[in-house]
Amino acid sequence: MQATIHGAVKGNTFYGLQRERGSSRFPCVRHTELRSAQHINQLCCSGLILSRGSMGAELARATSSMDGLFRSSAKSRSIKSQASGEDLEDSAPIIPEGKSSGTVLPYVGVACLGAILFGYHLGVVNGALEYLAKDLGISENTVLQGWIVSTLLAGATVGSFTGGALADKFGRTKTFQLDAIPLVVGAFLCATAQNVQTMIIGRLLSGIGIGISSAIVPLYISEISPTETRGALGSVNQLFICIGILAALIAGLPLSGNPLWWRTMFGVAVVPSVFLAVGMMLSPESPRWLFQRGKIAKAEKAIKMLCGKERVSEVMQDLSGSSQGSAEPEAGWFDLFSSRYWKVVSVGAALFLFQQLAGINAVVYYSTSVFQSAGIESDVAASALVGAANVLGTTVASSLMDKQGRKSLLLISFSGMAASMLLLSLSFTWKILAPYSGSLSVIGTVLYVLSFSLGAGPVPALLLPEIFASRIRAKAVSLSLGMHWISNFVIGLGFLSVVNKFGISSVYLGFSTVCLLAVLYIAANVVETKGRSLEEIELALNPAI
């Protein structure tokens with residue numbers, strides 16, 4: 001697929017206005033997982049997709065500051081494309097004076113309840129597993145304990161594939177409301193389970209719920225967020241996943257004094273699930289989805305809520321000028337594998353594989369033993385240090401996303417992960433480093449998690465909905481996230497066997513190599529998207545054929 005714009009950009013009339021197809025400052029249109037200390041852990045993100053063709057001139061430099069979070073958007077810029085296929089050209093964004101009468105923050109906050117639930121359900125089994133195993137009479141059966149942990153992943157795989165189809169059929173907000181059903185029922189079954197079978201069914205339903213959330217939270221946020229702050233708002237998804245995991249760890253503190261507290265830990269997840277459903281009843285639907293469905297009046301109303309009434313005409317013109325608009329029918333699953341889209345979709349799947357093969361599971365899994373080797377005996381202290389590094393890195397990434405850019409953060413992230421993995425590997429093997437192995441292991445672990453949270457963690461979840469064409473966006477996000485969950489499940493099953501066969505030092509060295517390969521792959525295939533509207537990105541990556 002060529003990355004240059006196909007043909008000349010023609011004027012488009014809408015509401016009687018002649019305009020050049022251009023970028024809209026209105027929005028267009030990943031996950032941390034933590035499991036039991038006895039099981040593999042993982043930080044979850046979505047993947048970035050790019051075509052192998054040249055993108056043309058580098059994307060516009062967006063210099064919006066954090067106060068842009070409180071404005072809905074800036075004035076649009078125009079794109080110029082010549083019939084000869086010259087490079088994309090865009091000018092610096094023009095920031096309008098005054099405050100917009102619309103806002104996206106409350107609705108981003110409601111959507112992030114799905115991210116919190118994502119992290120909470122992934123982390124809640126950490127402290128609860130030992131106590132629920134005793135209560136259900138399976139304390140000696142590690143196989144059934146493993147099923148209680150892993151069933152969530154199986155459900156998440158199903159949910160991630162389902163989320164995109166539901167979002168296309170019923171809309172983003174309705175899908176959130178439907179998603180609350182398995183989340184509420186699953187949490188209730190887990191909290192009241194009197195046998196293993198009920199517990200597993202509850203975990204399966206909870207997994208389906210978080211799988212759907214993993215697909216639609218970044219999708220919805222990207223579609224309602226202003227271009228100049230889409231990176232910061234999109235990365236908030238990853239931050240709230242981390243917060244959900246932290247909340248699950250904190251929720252487990254009373255367990256030592258009350259062994260039955262594990263039921264409350266699972267049951268409390270019902271509350272944000274209900275708030276998510278109610279909040280989405282009051283939230284605007286994605287204007288892009290409404291426009292594609294021909295619901296023009298409702299699209300205008302949604303834009304008014306998000307951007308203010310002064311921007312309705314402008315945004316509607318941009319939507320009408322999108323090459324994918326409502327002129328093309330909704331894409332089917334097989335369209336994702338067509339020559340038109342496959343190169344873009346394949347990059348998303350590849351980045352998820354890089355993310356999983358880069359070793360995040362191993363680092364979190366071995367963090368406790370690594371810290372103990374350095375003289376830190378407390379599991380809580382080890383988890384807190386790793387969690388703090390993760391939250392810190394994600395917070396920094398949020399502030400840099402719209403300044404440094406997505407691609408550069410990915411390159412920095414994987415480079416840092418490669419160096420950290422090399423340090424961890426050498427600390428286990430080089431005799432000269434033996435006196436410092438404990439300290440180096442701790443430093444390597446913290447640097448790795450920090451590097452991961454700077455880019456490999458939050459960026460893919462943001463980039464997926466940014467670079468997919470509108471007609472395939474929901475299904476392509478679901479496919480990529482489905483590949484993530486599948487690879488996560490397979491790697492989780494085989495990881496310990498590989499460690500036992502080759503040794504942890506060799507495995508860490510392999511992870512370092514994977515990270516270096518990821519750097520090369522990203523440099524060659526990933527396109528920067530900061531400061532660009534989704535329509536602009538779509539025109540560049542998915543020209544009309």
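These numbers come from the heavy atoms of this one structure, side chains and all, not from hydrogens, waters or symmetry mates. Everything quoted here is computed from the prediction, not taken from an experiment.
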Would Tyr120 and Val268 count as a side chain to side chain contact (heavy atoms under 4.5 Å, CB included) if you check the C-alpha gap in whole Å, the side-chain angles of each, and the deciding distance to 0.1 Å? CA-CA 10 Å; Tyr120 188 85; Val268 74; 3.0 Å; yes

Nearest 0.5 Å, please: how far is CZ in Arg203 from CD1 in Ile208? 13.0 Å

Rounded to the nearest 0.5 Å, how far does CD1 of Ile212 lie from CG of Leu183? 7.5 Å

Closest contact, heavy atoms only, Ile216 versus Gly163: CG2-O, 3.9 Å

Interatomic distance, Ser427 atom OG to Leu440 atom CG [nearest 0.5 angstrom]: 6.0 Å

Keeping the roles fixed (side chain from Ser425, backbone from Met421), state whether a donor-acceptor pair exists under 3.5 Å. no

Hey, does Phe511 have a side-chain heavy atom less than 4.5 Å from the side chain of Leu357? no

Go through it in stages, so that I can follow the logic: the residues are Ile241 and Ser214, the test is side chain to side chain contact (heavy atoms under 4.5 Å, CB included), and I'd like the CA-CA distance, side-chain angles, deciding distance and then a yes or no. CA-CA 10 Å; Ile241 291 174; Ser214 70; over 6 Å; no

Give me the atom names and distance for the closest heavy-atom approach of Leu117 to Ile210. O-CG2, 3.9 Å

Between Ala397 and Leu454, the two heavy atoms sitting closest are CB-O, 3.4 Å

From CD1 (Ile504) to OG1 (Thr429), nearest 0.5 Å: 12.0 Å

Can you label the angle between the Phe452 ring and the Tyr448 ring as parallel, tilted or perpendicular, going by 30° and 60°? parallel

Rounded to the nearest 0.5 Å, what separates atom CG in Leu233 from atom CG in Leu105? 6.5 Å

Output, in order, the C-alpha distance, side-chain angles, deciding distance and verdict of side chain to side chain contact (heavy atoms under 4.5 Å, CB included) for Leu132 and Phe266. CA-CA 11 Å; Leu132 73 86; Phe266 282 99; 3.8 Å; yes

Between Ser478 and Ser160, is any side-chain donor less than 3.5 angstrom from a side-chain acceptor? no

Would you say the side-chain atoms of Lys475 pair up with the backbone N or O of Gly164, donor to acceptor, closer than 3.5 Å? no

Verdict with supporting geometry, Trp430 and Leu426, side chain to side chain contact (heavy atoms under 4.5 Å, CB included): CA-CA 5 Å; Trp430 277 21; Leu426 294 178; 3.3 Å; yes

Would a distance-only check, ignoring hydrogens and angles, find a side-chain to backbone donor-acceptor pair under 3.5 Å from Gln355 to Ala456? yes

Strictly distance-based, threshold 3.5 Å: is any side-chain N or O of Ser413 a donor or acceptor partner for the main-chain N or O of Leu410? no

Considering non-hydrogen atoms only, spot the tightest contact between Val108 and Ser225 and give its length. CG2-OG, 4.3 Å

Treating Ser512 as the side-chain partner and Tyr508 as the backbone partner, does any N or O pair qualify as donor plus acceptor under 3.5 Å? no

Do you know which of Ile243, Asn237, Leu239 makes side-chain contact (heavy atoms from CB on, under 4.5 Å) with Thr394? Leu239

Can you name the closest pair of heavy atoms from Ser213 and Asp179 and give their distance? OG-OD2, 2.6 Å

Heavy atoms only: give me the nearest Cys112-Val236 pair and the separation to one decimal. SG-CG1, 3.6 Å

So, Ser453 side chain and Leu450 main chain: donor-acceptor pair closer than 3.5 Å or not? yes

Rounded to the nearest 0.5 Å, how far does CG of Leu219 lie from OG of Ser286? 7.0 Å

Between Ser150 (side chain only) and Trp147 (backbone N and O only), is there a donor and an acceptor less than 3.5 Å apart? no

Parallel, tilted or perpendicular, as decided by the 30° and 60° cut-offs, for the rings of Phe354 and Tyr521: tilted

With a 4.5 Å limit on heavy-atom distance, are the side chains of Phe240 and Phe118 in contact? no

Check Asn525, Val526, Val459 against Lys407 for a side-chain contact (heavy atoms from CB on, under 4.5 Å) and give me the one that passes. Val526

